[in-house]
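Quick note: numbers below take in every heavy atom, side chains included, and nothing from hydrogens, waters or symmetry partners.
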Amino acid sequence: MTDTPHLTQLALGVLTESDAREKARKARAAAALWRDARARGEARIGDTPPPDAPARPATPLLLPPRDMPKRRRGGAAGRAALLHAIAHIELNAIDLHWDMAARFADRDLPTGFFDDWVAAGDDEAKHFGLVADRLEAMGTHYGALPAHAGMWRAAKDTRADIMARLAVVPMVLEARGLDVTPGMIAAFEAAGDEKSVAALRVIYAEEVAHVAYGAKWFNFLCGRRDDDPKPAFHALVRKYFPAGPKPPFNEEKRGEAGLPPDFYWPLVNDAG
């Protein structure tokens, strides 16, 4: 047996890192260590508890949603602002996935559950790097603009309920990314920014798997409890995310990820 850290120790190293670039680097390195330990048959989950909230860089300034300035539309400044918002989402997603792996480490779960969220956290770290590189190529950087302060709210609200975490984070919030990314890709294509288009296409392709991980493990746990997944999902989203999902929906990609329309359309009707 080697001295490879337990998974929860690896997660703690990611979650307690405040520098954005270093957080992404640690996430990728931790994922590689986990995969190597799994290949050798030496992977251990561990029991190191995650922090209540992840460490954050000094910038960007985090604002309540109602105080966020209107994002500029069009032009280089507008595209930079959009990329900055995407970078912020990706940085938060690194923490969301590593927190998923560590926070529920004491549950009776197959090792494949942890494999999936480590893989998702690795992807998000790659995505952050791609977008941060584009920002710097445009003469700016992550942290240059204010950002949304509410992105950890869903994780905080669902910290004691694994089913709620799966329902709200990958199956609602990340599924939203499948809906909006094609429009963003089209906007950058229209501007002739092919490098940003390439980065967004990578993100778009890989986010389908993250939503699918959520649907897979939500259905697995429903089966273990002998619950019907659809009403269970509806009840949890109504409780923890009452605003519900917002159309229009990318039904093709949601379907690929294991989210049929009768999972999300009734929630839209609830919200009016």
Residues Asp122 and Arg35 bridged, charged N to O under 4.0 Å: yes

Donor-acceptor contact present, side-chain Glu17 to main-chain Val14, <3.5 Å: no

What do you reckon, is CG of Asp47 surrounded by more than 12 foreign heavy atoms closer than 6.0 Å? no

Under the side-chain hydrogen bond (donor to acceptor under 3.5 Å, both in side chains) rule, what pairs show up with a residue in residues 220-229, not counting sequence neighbours? none

Pair Glu206 + Lys126, salt bridge at N-O below 4.0 Å: yes

Between Thr8 (side chain only) and Ile45 (backbone N and O only), is there a donor and an acceptor less than 3.5 Å apart? yes

If only atom types and distance count, is the side chain of Arg103 paired as donor or acceptor with the main-chain N or O of Pro51 below 3.5 Å? yes

Which label fits Trp265 and Phe249: parallel for a plane angle under 30°, tilted from 30 to 60°, or perpendicular past 60°? perpendicular

Taking Asp36 for its side chain and Ala32 for its backbone only, find out whether a donor-acceptor pair lies under 3.5 Å. no

Output the rest of the hydrophobic cluster of Leu63: all Ile, Leu, Val, Met, Phe, Trp and Tyr residues reachable through side-chain heavy-atom contacts under 4.5 Å, sorted by chain and number. Leu61, Met68

Are the side chain of His84 and the backbone N or O of Gly143 linked by a donor-acceptor pair below 3.5 Å? yes

Residue pairs, two or more places apart or on separate chains, that pass salt bridge (charged side-chain N to carboxylate O under 4.0 Å, His left out) and touch residues 83-97: Lys23-Asp95, Arg56-Asp95

Shared hydrophobic cluster for Ile86 and Leu130 (ILVMFWY, side-chain gaps under 4.5 Å): no

Pro182 side chain reached by Asn250 side chain, heavy atoms, under 4.5 Å: yes

Derivation and outcome, side chain to side chain donor-acceptor pair (under 3.5 Å), residues Trp217 and Asp116: CA-CA 10 Å; Trp217 293 109; Asp116 283 349; 2.8 Å; yes

Give me the ring orientation class for His97 and Trp117: parallel if the planes are under 30° apart, tilted from 30 to 60°, perpendicular past 60°. parallel

